[in-house]
A.B. asks: 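Quick one: the structure is below, questions incoming.
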Amino acid sequence: MAYNAYASSSKHTLDIPELQLPTNVAVPPPSPPPPAPPQVSTQARKETDFHRYLAGQSVMKSGLTRDQAEVNKIIADASKDSKFFKREREKDDLLVKRIEGLMRKKEELEKRANLPKLEKEANEIIAKLEATRDLSQKIVHVDLDAFYEARKYGVRSGMAGFIAKKLCPHLIFVKNNFADYSEASKQVREVLARYDENLAMAGLDEGYLNITPYMTLHDMSASDVVSHLRAAVEAETGLTISAGIAPNKLLAKICSDKNKPDGQFELEGDAKVVKAFMRDLPIRRVPGVGRVAERILSSMGVQTCGDVYTHRAVINLMDHHLGLQGLLKAYLGIGSSVVQPGRREERKSVGCERTFSDKSNETEILEMLEHIAQELESDLARTGFAGRCVCVKYKAHTYEVKTRQVSLNKFVNTAAEIYPHAKELLEKEFPLKIRLLGIRMTHLKDLQGPQGGLDKFLAESVPGRKKRLRSASQDPGDDIRVISSDEDDETHRRPSESASPQRKAMRMHRSPSLADAMNCPICGKTLKNGTTNVDLNRHIDSCLRATSPEVISDDEIEIVKVSRSAAQPSPVQKRSKQKVKAKPPDKLQNAFQLMMSGK
DNA sequence: GCGGATCAC
DNA sequence: TATGGTGATCCGC
């Protein structure tokens with residue numbers, strides 16, 4: 001069972017300082033290329049970097065009251081001596097080596113590089129990107145507010161419960177209620193859809209809208225529409241949301257963080273304003289730039305989006321490893337303005353995985369594998385897919401993750417067909433001592449095609465036989481991806497070749513959300529259209545039974561706030577409880593019970 | 001096509 | 001004492 005965590009406190013709206021660009025985090029000052037701080041020893045520097053790395057993903061994404069270095073230290077101390085920590089340390093060492101390799105490579109290439117030429121090329125790309133800039137749309141990113149109180153202490157989603165408790169000793173854990181989240185999310189969605197029927201949800205707690213048509217229709221300004229929209233959401237669901245208004249999704253997402261919680265921020269649709277906005281923005285805030293990319297870019301002197309421009313020649317030189325075009329788009333604040341719900345046929349895989357206490361007994365492991373195969377079967381049935389590639393994943397007790405896959409000559413979707421292949425793959429790996437097992441089906445075929453009669457035909461089709469038509473308007477999304485290959489790169493391309501921006505600078509990905517279907521708030525899977533609440537509850541119950549313990553999950557929505565003494569249900573909680581109550585699984589009846597009341 | 005890594009939510 | 005699950009993408013081979 002997962003838990004929500006809240007620090008008790010009085011009215012949140014008053015305690016939270018305005019979000020500002022982090023001044024208290026371990027990011028070196030912006031703009032002029034910062035030389036390495038001379039007074040800090042290399043060893044101490046590495047340690048700080050590692051602590052930051054360990055602190056995890058979401059840490060640098062938003063502002064924080066508490067000193068981040070202190071938080072990182074607490075996290076590191078609490079983790080010390082664990083296998084998890086040891087593995088993270090190993091990963092960090094590998095990252096350091098990788099960065100060293102990249103630095104050597106950079107110096108090597110710089111010797112023969114024609115930097116003015118590289119800079120000129122970068123300028124040309126910038127000019128081309130500028131020509132594609134679309135400032136005509138008003139895109140809104142909305143984000144449900146959560147973690148008000150605990151956030152101040154450095155508590156983050158994805159954090160282990162016991163670490164959170166260290167950061168915030170009076171933290172109170174509340175068992176979360178995914179059915180209520182789902183219901184609340186649905187209610188919010190219904191309100192939002194009044195402002196843009198093409199609303200694209202990205203998970204339970206955020207979404208994008210294009211309000212341009214609504215503005216025209218009602219002759220309203222963007223900020224008035226969003227104020228209206230937020231008031232409507234709060235009035236009808238009791239939940240507060242934060243919103244960002246900007247000409248594209250990339251900017252809107254960044255903006256929605258600016259006046260969080262329960263606020264909004266609009267970025268004018270003007271190229272100069274946009275660029276000024278991006279210039280001092282930490283590169284880590286750009287979707288797609290995670291903790292690894294942040295470290296790599298930092299080693300190249302890039303901490304802010306503005307630094308991308310400063311270092312454009314060198315980034316061009318290292319294009320293959322860094323992805324020049326994506327970074328230039330971040331610098332320019334250019335992104336997609338297309339808002340559409342994801343399509344069902346865009347799905348690429350269906351998988352199921354479980355964490356458990358370390359297992360080495362082979363019979364037990366295979367039992368677990370079979371259990372997972374069964375769960376996968378029901379997920380495949382529910383989502384209406386079959387696959388022709390079986391991928392087994394396991395995590396050793398050391399936290400090392402491995403995958404093994406096999407392609408089949410037919411599409412399968414039952415445990416009876418999947419398990420034998422999974423078993424064969426896993427048995428080759430024995431002896432094992434593992435803490436996680438998973439199976440994923442890829443190379444999917446949609447059994448739930450638009451024409452029902454076609455299903456049988458497709459079910460018997462052979463790989464390669466049929467190709468699904470891809471949608472013409474593949475929206476690449478806004479994410480930037482920074483790639484760096486291993487250091488052993490024997491073939492030394494000449495700078496001019498390596499600099500070619502056309503090749504593959506742009507590395508993007510997206511995670512489509514599926515339209516018009518119920519998503520299970522636990523496993524995130526899409527339930528068939530027409531699924532009833534009862535079906536949903538049954539599915540959720542089965543998910544809950546297998547949910548792993550006490551990790552603060554990402555998709556949690558703050559529905560209750562808990563004081564030291566009692567939990568006070570919000571309006572939506574009461575309502576949704578009544579609605580879902582028809583047949584609430586036992587587990588859900590215990591929802592919102594205080595688990596650890598910090599006594 | 002396979003396996004490792006990274007990222008988002 | 002103790003660190004999640006699902007899905008996607010990209011790279012090097």
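Note on naming: letters A, B, ... go to the chains in the order of the sequence lines (proteins, then strands), and numbering restarts at 1 for each one. Just so you know, these numbers use all the heavy atoms, side chains as well, and skip hydrogens, waters and symmetry mates.
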A.B. asks: I need the NZ-P distance between A:K249 and B:dC9, as an integer number of Å.
C.D. replies: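 Atom-to-atom, A:K249 to B:dC9, this comes out as 12 Å.
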
A.B. asks: In terms of the nearest nucleotide of DNA chain C, which residue is placed more toward the 5' end: A:F84 or A:K393?
C.D. replies: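 The 5'-side residue here is A:F84.
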
A.B. asks: Just the rounded figure in Å: distance from C1' of C:dT6 to NZ of A:K395.
C.D. replies: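 So the NZ-C1' distance, A:K395 to C:dT6, works out to 13 Å.
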
A.B. asks: For A:K348 and C:dC10, is the shortest distance between a side-chain N/O and OP1 or OP2 below 4.0 Å?
C.D. replies: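 For C:dC10, OP1/OP2 do not have a side-chain N/O of A:K348 under 4.0 Å.
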
A.B. asks: Does A:Y53 offer a backbone N or O that forms a donor-acceptor pair with the side chain of A:R291 under 3.5 Å?
C.D. replies: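 Side chain of A:R291 to backbone of A:Y53, a donor-acceptor pair under 3.5 Å: yes, one is there.
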
A.B. asks: Does C:dT1 have OP1 or OP2 sitting under 4.0 Å from an N or O in the side chain of A:S82?
C.D. replies: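 The answer is no; no side-chain N or O of A:S82 sits under 4.0 Å from OP1 or OP2.
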
A.B. asks: So, A:S336 versus A:Y208: side-chain donor-acceptor pair below 3.5 Å or not?
C.D. replies: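 Side-chain D/A pair, A:S336 to A:Y208: absent.
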
A.B. asks: I want to confirm an ordering. Mapping A:H141 and A:L94 to their closest nucleotides on DNA chain B, which one lands closer to the 5' end?
C.D. replies: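 Nearer the 5' end of the strand: A:L94.
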
A.B. asks: Under 4.0 Å, counting only non-hydrogen atoms across every strand here, what does A:K83 touch: a base, just sugar-phosphate, or nothing?
C.D. replies: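 If one applies the 4.0 Å heavy-atom cut-off, A:K83 turns out to touch nothing in the nucleic acid.
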
A.B. asks: Consider only side-chain N and O atoms of A:D145 and A:S242, and report whether a donor and an acceptor are under 3.5 Å apart.
C.D. replies: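 The answer is yes; a qualifying pair exists.
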
A.B. asks: Within this structure, what is the CZ-to-P distance between A:R435 and C:dT1, rounded to whole angstrom?
C.D. replies: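 Spelled out: CZ on A:R435 to P on C:dT1 is 16 Å.
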
A.B. asks: Is A:K91 near enough to B:dA5 that one of its side-chain N or O atoms lies under 4.0 angstrom from OP1 or OP2?
C.D. replies: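 Negative; the distance criterion is not met.
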
A.B. asks: With a 3.5 Å cut-off and no angle check, do the side chains of A:E47 and A:H51 form a donor-acceptor pair?
C.D. replies: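 A:E47 vs A:H51: donor-acceptor pair found between side chains.
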
A.B. asks: Looking only at the side chain of A:H320 (C-beta and beyond, no hydrogens), which of the listed nucleotides C:dG12, B:dG3, C:dA8 gets closest?
C.D. replies: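 So the side chain of A:H320 is nearest to C:dG12.
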
A.B. asks: So, is A:R440 close to the C:dG7 phosphate, meaning a side-chain N or O under 4.0 Å from OP1 or OP2?
C.D. replies: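 So the side chain of A:R440 is within the cut-off, an N or O lying under 4.0 Å from OP1 or OP2 of C:dG7.
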
A.B. asks: Which nucleotide, B:dC7, C:dT3, C:dT9, lies nearest any side-chain atom of A:S79?
C.D. replies: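 Between B:dC7, C:dT3, C:dT9, the one nearest the side chain of A:S79 would be C:dT3.
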
A.B. asks: Over all strands shown, is A:Y399 touching base, sugar-phosphate only, or nothing at heavy-atom distances under 4.0 angstrom?
C.D. replies: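 A:Y399: backbone/sugar contact only, no base atoms under 4.0 Å.
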
A.B. asks: DNA chain B: A:V292 or A:R404, which has the more 5' nearest nucleotide?
C.D. replies: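 Looking at the nearest nucleotide for each, A:R404 comes out on the 5' side.
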
A.B. asks: To the nearest Å, give me how far apart CG (A:L322) and P (C:dC11) are.
C.D. replies: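 Taking atom P of C:dC11 as the reference, CG of A:L322 is at 12 Å.
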
A.B. asks: Salt-bridged, A:D92 to A:R89, with N to O below 4.0 Å?
C.D. replies: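 No, A:D92 and A:R89 are not salt-bridged.
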
A.B. asks: With a cut-off of less than 4.0 Å, is there a side-chain N or O of A:R98 near OP1 or OP2 of B:dT6?
C.D. replies: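 Yes.
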
A.B. asks: Taking only the side-chain heavy atoms of A:E353 (C-beta and beyond), determine which of C:dG5, B:dC7, B:dG3 contains the nearest atom.
C.D. replies: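 Between C:dG5, B:dC7, B:dG3, the one nearest the side chain of A:E353 would be C:dG5.
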
A.B. asks: Any idea which of C:dT3, C:dT6, B:dC2 is nearest the A:R354 side chain?
C.D. replies: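 Out of C:dT3, C:dT6, B:dC2, the nucleotide with an atom closest to A:R354's side chain is C:dT6.
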
A.B. asks: So what does A:E206 touch, heavy atoms closer than 4.0 Å: a base, only the sugar-phosphate, or nothing?
C.D. replies: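 Sugar-phosphate contact only - A:E206 comes under 4.0 Å of backbone atoms but never of a base.
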
A.B. asks: Between C:dG4 atom C1' and A:L437 atom CG, what is the distance in whole Å?
C.D. replies: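 Result: 15 Å.
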
A.B. asks: C:dT6 phosphate, OP1 or OP2: any side-chain N/O from A:S349 under 4.0 angstrom?
C.D. replies: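 Checking A:S349 against C:dT6: no side-chain N or O falls below 4.0 Å of OP1 or OP2.
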
A.B. asks: Starting the side chain at C-beta, find the nucleotide from C:dG4, B:dA5, C:dT3 nearest to A:F162.
C.D. replies: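 Taking heavy atoms from C-beta onward, the closest nucleotide is C:dT3.
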
A.B. asks: Report yes if the distance between the aromatic ring centroids of A:F85 and A:Y399 is under 6.0 Å, otherwise no.
C.D. replies: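 Ring-ring flag for A:F85/A:Y399: false, centres at least 6.0 Å apart.
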
A.B. asks: Below 4.0 angstrom from OP1 or OP2 of B:dG1, is there any side-chain N or O of A:S407?
C.D. replies: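 Answer no for this pair, as no side-chain N or O of A:S407 is under 4.0 Å from OP1 or OP2.
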
A.B. asks: Has A:H397 got a side-chain N or O lying under 4.0 Å from the OP1 or OP2 atom of C:dT3?
C.D. replies: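 False: A:H397 side-chain N/O out of range (4.0 Å or more) of C:dT3 OP1/OP2.
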
A.B. asks: If only side-chain N and O atoms of A:H443 are considered, is one of them under 4.0 Å from the OP1 or OP2 phosphate oxygen of B:dG1?
C.D. replies: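 Answer yes for this pair, as a side-chain N or O of A:H443 is under 4.0 Å from OP1 or OP2.
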
A.B. asks: Just checking A:K253: base, sugar-phosphate only, or nothing, at a heavy-atom cut-off of under 4.0 Å?
C.D. replies: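 Since only primed, P, OP1 and OP2 atoms lie under 4.0 Å of A:K253, the category is sugar-phosphate.
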
A.B. asks: Choosing from B:dC2, C:dT3, B:dC7, which nucleotide comes nearest the side chain of A:I163?
C.D. replies: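 Looking only at side-chain atoms, A:I163 lies closest to C:dT3.
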
A.B. asks: If the threshold is 4.0 Å, N to carboxylate O, is there a salt bridge linking A:K402 and A:E429?
C.D. replies: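 Result for this pair is no, no salt bridge flagged.
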
A.B. asks: How close or far is atom P of C:dA2 from atom CG of A:D358, stated in whole angstroms?
C.D. replies: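 Distance check: A:D358 CG to C:dA2 P gives 9 Å.
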
A.B. asks: Could you state the atom-to-atom distance from CG of A:L426 to P of B:dG3 in whole Å?
C.D. replies: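 After rounding, the reported distance stands at 13 Å.
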
A.B. asks: Rounding to an integer number of Å, can you tell me how far A:Q405 CD sits from B:dG3 P?
C.D. replies: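 Rounded to the whole Å, the gap is 5 Å.
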
A.B. asks: Please pick, from C:dT3, B:dA8, B:dC9, the nucleotide with the shortest atom-to-atom distance to any side-chain atom of A:R284.
C.D. replies: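 Side chain of A:R284 sits closest to B:dA8.
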
